[in-house]
Amino acid sequence: MASVIGLRFSGQRAPLLLRPVATRVYGLSTTKQTAVRHYSQPRHDHFAINEYGLISTHVPVPWRYRPSIFSLAGVESARMHFVETLRGWFSYATMMYHLSGWRKGAFATQAESLCEAMNEAFAEGDVKTLNAMCFPSMAGNLKNDIKRRRATLDWRKVRSVTPPKIVQITCGRLATDMTIGQVIVRIDQEQIVTPASTRSLASRSPPKPVRVTEYIVFQRLITDPASPWRIFCKIGVPKWDQAIQK
């Protein structure tokens with residue numbers, strides 16, 4: 001299991017790949033067009049995909065949704081927030097060291113674009129694209145869902161309700177020269193999903209957009225320039241976030 005680290009690191013800095021990817025997603029050929037940039041430089045076609053599990057699922061809770069500081073639960077909540085904040089700062093510094101040019105805002109925007117490409121691939125049953133952008137366990141779950149539904153879907157983003165936001169940055173050391181980076185991005189959109197078989201039914205009433213809020217986990221080995229960012233999993237929306245949307 002990865003050990004969470006601070007400013008201790010080793011290995012070389014990974015360069016920033018500034019060129020937009022047109023017909024390749026994370027080094028693998030796809031039929032999708034994507035403008036997602038990659039904070040990695042793929043050098044080896046034989047890069048092995050390994051899964052190391054979640055480093056942390058902590059998402060900071062806004063002050064107004066925390067228990068009173070005068071209660072035991074409030075004291076523990078404040079302590080946890082302090083520890084996780086320090087861990088986040090150290091992890092961000094580690095990320096910046098290994099990934100030259102890495103920026104929160106740019107990554108969040110590109111992460112949302114990648115998730116949209118994943119949703120389109122899932123709707124169309126494009127297994128090849130899912131394998132390219134997701135870790136094996138995530139891709140496997142999506143492929144099982146595709147088999148069970150037995151139909152092709154049309155997926156469309158209507159708008160972003162709120163801008164994508166990074167809610168957690170964590171790094172964990174696997175070995176002396178192996179450090180894994182994890183970023184959790186909150187994505188809040190209005191989406192429309194309909195069966196592809198209804199495309200020709202012009203007389204039907206237009207479908208209503210549905211608000212979808214997701215917390216997407218991205219991971220990569222930040223000490224390996226050949227390692228790309230991939231979607232590891234989704235975690236549950238915190239209860240306080242669900243309350244905000246009601």
Side-chain angles (χ1 to χ4, degrees), residues 1-7 52-96 102-116 118-119 122 134-135 137-138 141-142 145 155 157-172 180-193 208-220 222 229-246:
M1 180 173 293
S3 60
V4 179
I5 65 171
L7 286 173
Y52 305 100
L54 282 169
I55 303 176
S56 171
T57 60
H58 174 79
V59 175
V61 181
W63 281 104
R64 63 181 179 277
Y65 294 105
R66 297 179 194 173
S68 171
I69 191 64
F70 299 106
S71 65
L72 291 178
V75 172
E76 177 60 22
S77 176
R79 185 195 68 81
M80 179 64 69
H81 178 76
F82 177 75
V83 171
E84 293 294 340
T85 298
L86 288 180
R87 180 176 295 166
W89 288 345
F90 291 146
S91 295
Y92 182 50
T94 302
M95 198 87 74
M96 292 287 290
W102 194 87
R103 295 294 182 271
K104 288 183 178 180
F107 183 89
T109 300
Q110 295 153 17
E112 183 178 41
S113 297
L114 188 63
C115 287
E116 291 167 6
M118 179 187 68
N119 288 336
F122 173 73
C134 301
F135 277 89
S137 60
M138 179 69 175
N141 291 335
L142 294 175
D145 290 341
W155 179 90
K157 170 189 171 182
V158 177
R159 68 186 181 99
S160 293
V161 180
T162 58
K165 179 182 179 182
I166 292 179
V167 297
Q168 183 212 88
I169 299 175
T170 311
C171 292
I180 188 171
Q182 175 178 292
V183 180
I184 300 180
V185 181
R186 180 185 185 271
I187 296 176
D188 188 14
Q189 298 179 338
E190 284 187 350
Q191 305 173 0
I192 292 178
V193 180
K208 294 182 178 180
V210 176
R211 183 174 181 178
V212 178
T213 303
E214 298 179 303
Y215 284 71
I216 313 295
V217 181
F218 296 82
Q219 287 188 356
R220 66 160 286 182
I222 61 176
W229 286 104
R230 291 177 182 265
I231 298 174
F232 181 78
C233 70
K234 300 179 182 181
I235 62 173
V237 179
K239 292 182 178 179
W240 58 264
D241 197 347
Q242 297 176 25
I244 293 175
Q245 300 178 33
K246 292 182 179 180

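Just so it is clear, the values below take in all heavy atoms, side chains as well, and ignore hydrogens, waters and symmetry mates.
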Do any side-chain atoms of residues 231-238 form donor-acceptor pairs under 3.5 angstrom with protein atoms, and if so which ones, sequence neighbours left out?
from : atom 1 : to   : atom 2 : distance (Å)
K234 : NZ     : E214 : OE2    : 2.6

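Using a 4.5 Å cut-off on side-chain heavy atoms (C-beta onward), R87 and H58 make no contact. Contact annotation: the side chain of I222 never approaches that of W102 to less than 4.5 Å [non-hydrogen atoms, C-beta and beyond]. Using a 4.5 Å heavy-atom threshold, the side chains of E116 and Q189 count as touching. Side-chain contact check for D188 versus R211: some heavy-atom pair is nearer than 4.5 Å. At least one side-chain heavy atom of T162 sits under 4.5 Å from a side-chain heavy atom of R186.
Considering every non-hydrogen atom in both Q182 and G53, the closest pair reads OE1-O, 4.5 Å. Taking each heavy atom of W240 and P60 in turn, the nearest pair found is CZ2-O, 3.3 Å. Looking at every heavy atom in both residues, A78 comes nearest to I69 through CB-CD1, 3.6 Å. Contact between S91 and T170 at its shortest, heavy atoms only, is OG-CA, 3.5 Å. Across all their heavy atoms, S56 and E84 have their closest contact at OG-OE1, 4.3 Å. Contact record, L142 with C134: CD1-SG, 4.2 Å, taken as the closest heavy-atom pair.
Note that the NZ atom of K165 and the OH atom of Y215 stand 8.5 Å from one another [nearest 0.5 Å]. I55 CD1 to I180 CD1: the interatomic distance, rounded to the nearest 0.5 Å, is 5.0 Å. Note that CD1 of I166 is 6.0 Å distant from CZ of F107, once rounded to the nearest 0.5 Å. In this structure, F218 CZ and L114 CG are separated by 5.5 Å, a value rounded to the nearest 0.5 Å. M118 contributes atom CE, which lies 12.5 Å from atom OG of S113 (distance to the nearest 0.5 angstrom). Here CG of L54 is found 7.0 Å from CD1 of I184. Values are rounded to the nearest 0.5 Å.
At distances below 3.5 Å, not a single donor-acceptor pair connects side-chain atoms of S160 with backbone N or O atoms of P163.
Cation-pi geometry between K104 and Y92 is met: under 6.0 angstrom from the ring centre, within 45 degrees of the axis.
When the options K208, R159, K157 are evaluated for a side chain to side chain donor-acceptor pair (under 3.5 Å) with E190, the one that passes is R159.
Listed by first then second residue, pairs satisfying salt bridge (charged side-chain N to carboxylate O under 4.0 Å, His left out) with a partner in residues 71-83 read E76-R79, not counting sequence neighbours.
Residues passing the side-chain contact (heavy atoms from CB on, under 4.5 Å) test with S77 are R66, P67, sequence neighbours excluded.
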